[in-house]
Amino acid sequence: MVRFWRLRLATRMGFFAGGALATLGGAAASAQSYTYNYLGTAVGTAGSFTVTNTGGTYNLSQFAGTVNGVSYTTATVGLATGSNGYYYLGALANGIDYFRGANDFTESGAFLPGNGPFSDTFQYYNKSGEASGTSVNFTVPNQSYAYTYTSDDPKRTSGAFTVKEDNGSYTLSSFIGEVNGVSYDTSTVGLAPGGNGSYYLGALANGIDYFTGSNDFSESGAFMPGTGPFNDSFEYYLSPGLAGGISINAVQPGESYSYRFSGGSRTSGTFTVTEANGMFKLSAFDGTVNGVAYTLATVGLAPGSNGTYYLGALANGIDYFSGMSDFTESGTFLPGTQFVSDSFQFYVSPGQAGGTEVTFTPLLRTTNTASVPEPASWAVMLTGLFMIGGWLRRRPAQTALQLI
């Protein structure tokens with residue numbers, strides 16, 4: 001079996017043993033703690049841990065659980081720095097990155113504290129002197145995540161549902177809506193586990209996975225609860241042996257997602273997008289593009305397709321850049337995704353456009369602190385969803401320009 005750690009060490013950026021203090025670049029922050037449950041596919045891999053930020057510094061303040069049947073505590077596990085503000089866990093026995101004995105493990109990836117659920121792998125020593133591993137799902141204890149879903153035909157397919165974390169897994173706590181014109185509620189819909197911590201919805205009529213009657217549907221893909229918006233499709237019964245399907249877009253009400261963008265010395269800044277009634281709006285922008293400063297008053301957010309969006313200066317309608325204080329994003333992004341790479345195009349001279357490659361890095365997400373709506377409240381909210389289908393549109397073509 002391949003020894004994964006030799007390659008991984010080249011990309012890691014040092015570690016801190018003992019209490020495992022790790023400094024996060026940027027402005028100092030007040031004390032903030034984030035607790036996670038973890039559950040692995042391998043037997044004997046489950047537990048919880050807490051990381052705490054005090055003055056911009058993260059430390060592992062609590063760990064209790066098992067990995068591959070071996071018990072660990074706060075005294076035997078540490079937190080190490082990755083890159084771009086990320087962190088990873090590992091046993092302190094051999095320096096977090098090295099697993100050389102029966103009481104040793106390390107996380108193969110990294111996570112951004114406070115950024116909600118995620119999936120990763122724990123690697124550990126086996127008797128052959130090589131690395132073994134187990135997929136691990138990390139969840140926020142007792143956290144509920146609400147979604148609204150809509151389609152191109154919201155009168156026949158739209159609704160809302162809520163999933164809740166329970167000891168490392170999820171349950172469906174509410175559902176109200178329609179799929180292909182058939183009404184469903186919490187008593188007729190269930191949640192089934194997919195792979196790597198994901199889940200999918202389906203009618204309970206024939207076991208979630210099988211749609212063999214007129215009151216039956218199943219989600220064709222799967223989603224990771226709490227990780228932001230997603231696109232998928234609902235498949236449903238049409239006639240014996242024949243299934244239909246409809247694409248859906250699901251978002252989390254009231255969620256905000258912040259990003260840092262960087263495209264060289266003349267292009268950098270931050271922005272935030274916030275969900276409102278099934279759509280996203282730009283709620284903050286501060287930065288420069290090609291050396292020109294922009295703010296929320298001069299930048300807008302426009303819908304692309306399949307639930308995506310793109311940024312652009314408002315000077316000439318977002319899509320058209322015909323002046324020195326004008327730019328547009330050449331591609332699109334799905335709010336809530338972890339990483340996006342794209343380019344900004346901007347005016348250089350009449351008939352010519354310049355461009356710069358831009359990297360988007362997610363900042364800590366802000367969860368709506370209001371309580372998750374009850375089914376009765378969902379019913380009122382769904383009225384607005386019927387208007388969303390016409391809002392989803394293709395991105396208009398940009399003015400033909402000669403790219404440098």
Side-chain angles (χ1 to χ4, degrees), residues 1-26 33-54 56-139 168 196-197 338-339 361-362 364:
M1 186 177 293
V2 178
R3 294 177 184 267
F4 300 99
W5 61 267
R6 292 187 182 276
L7 294 176
R8 190 181 64 259
L9 287 178
T11 63
R12 291 280 169 85
M13 298 176 62
F15 66 89
F16 297 81
L21 293 180
T23 301
L24 174 65
S33 292
Y34 304 106
T35 297
Y36 294 90
N37 287 332
Y38 70 89
L39 181 65
T41 55
V43 176
T45 301
S48 67
F49 65 93
T50 302
V51 294
T52 300
N53 180 325
T54 304
T57 299
Y58 278 99
N59 63 58
L60 184 67
S61 50
Q62 176 269 332
F63 191 100
T66 59
V67 177
N68 195 34
V70 179
S71 295
Y72 294 90
T73 67
T74 314
T76 56
V77 176
L79 190 68
T81 55
S83 58
N84 297 321
Y86 281 69
Y87 295 81
Y88 58 100
L89 296 160
L92 293 171
N94 290 289
I96 300 181
D97 267 318
Y98 303 92
F99 35 98
R100 298 174 176 169
N103 296 322
D104 206 356
F105 80 95
T106 188
E107 186 182 354
S108 64
F111 68 99
L112 185 62
N115 210 38
F118 62 96
S119 294
D120 206 345
T121 301
F122 281 161
Q123 294 180 356
Y124 43 77
Y125 176 89
N126 62 27
K127 293 182 179 179
S128 300
E130 297 178 334
S132 294
T134 178
S135 296
V136 182
N137 187 34
F138 298 82
T139 59
N196 299 319
Q338 289 297 299
F339 293 101
T361 305
L364 292 183

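This is a predicted model, so every value here is computed, not measured.
When side chains are defined from C-beta on, Thr106 does not count as touching Leu89, because their heavy atoms never get closer than 4.5 Å. When side chains are defined from C-beta on, Tyr88 counts as touching Ile96, because their heavy atoms get closer than 4.5 Å. Counting heavy atoms from C-beta outward, Tyr72 and Phe49 have side chains that stay 4.5 Å or more apart. Contact annotation: the side chain of Val67 approaches that of Tyr38 to within less than 4.5 Å [non-hydrogen atoms, C-beta and beyond].
A side-chain donor-acceptor contact under 3.5 Å links Tyr36 to the backbone of Gly114. A donor-acceptor contact shorter than 3.5 Å is absent between the side chain of Thr52 and the backbone of Asn59.
Tyr87 and Phe111 have tilted rings, their planes meeting at an angle from 30° to 60° on a 0 to 90° scale. The aromatic rings of Phe138 and Phe118 sit parallel to each other, their planes meeting at less than 30°, with 60° as the upper class boundary.
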Worksheet entry | side chain to side chain contact (heavy atoms under 4.5 Å, CB included) between Asp120 and Ser108, intermediate numbers included | CA-CA 7 Å; Asp120 206 345; Ser108 64; 3.2 Å; yes
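How far CZ of Phe105 is from CG of Asn68: 11.0 Å, rounded to the nearest 0.5 Å. Distance check: Leu60 CG to Thr50 OG1 gives 8.0 Å after rounding to the nearest 0.5 Å. Annotation: the span from Phe122 atom CZ to Ser135 atom OG amounts to 11.0 Å, rounded to 0.5 Å. Atom OH of Tyr34 sits about 8.5 Å away from atom CG of Leu112, to the nearest 0.5 Å. Summarising the geometry, atom OG1 belonging to Thr139 is positioned 4.5 Å from atom CG belonging to Asn37; distances are rounded to the nearest 0.5 Å.
Nearest approach of Ala42 to Tyr124, heavy atoms of both residues: CB-OH, 4.1 Å. Closest approach of Ala46 to Leu39, counting heavy atoms only: CB-CD1, 3.9 Å. Looking at every heavy atom in both residues, Ser71 comes nearest to Thr66 through OG-CG2, 3.6 Å. The minimum heavy-atom distance between Tyr86 and Pro362, with the atom names listed, is OH-CG, 3.8 Å. For Pro113 against Gly85, the heavy-atom pair with the smallest separation is CD-O, 4.1 Å.
The side chain to side chain donor-acceptor pair (under 3.5 Å) check on Asp104 picks up Asn94, with sequence neighbours excluded.
Val70 pairs in a side-chain contact (heavy atoms from CB on, under 4.5 Å) with only one of the listed residues (Asn103, Thr45, Thr76), which is Asn103.
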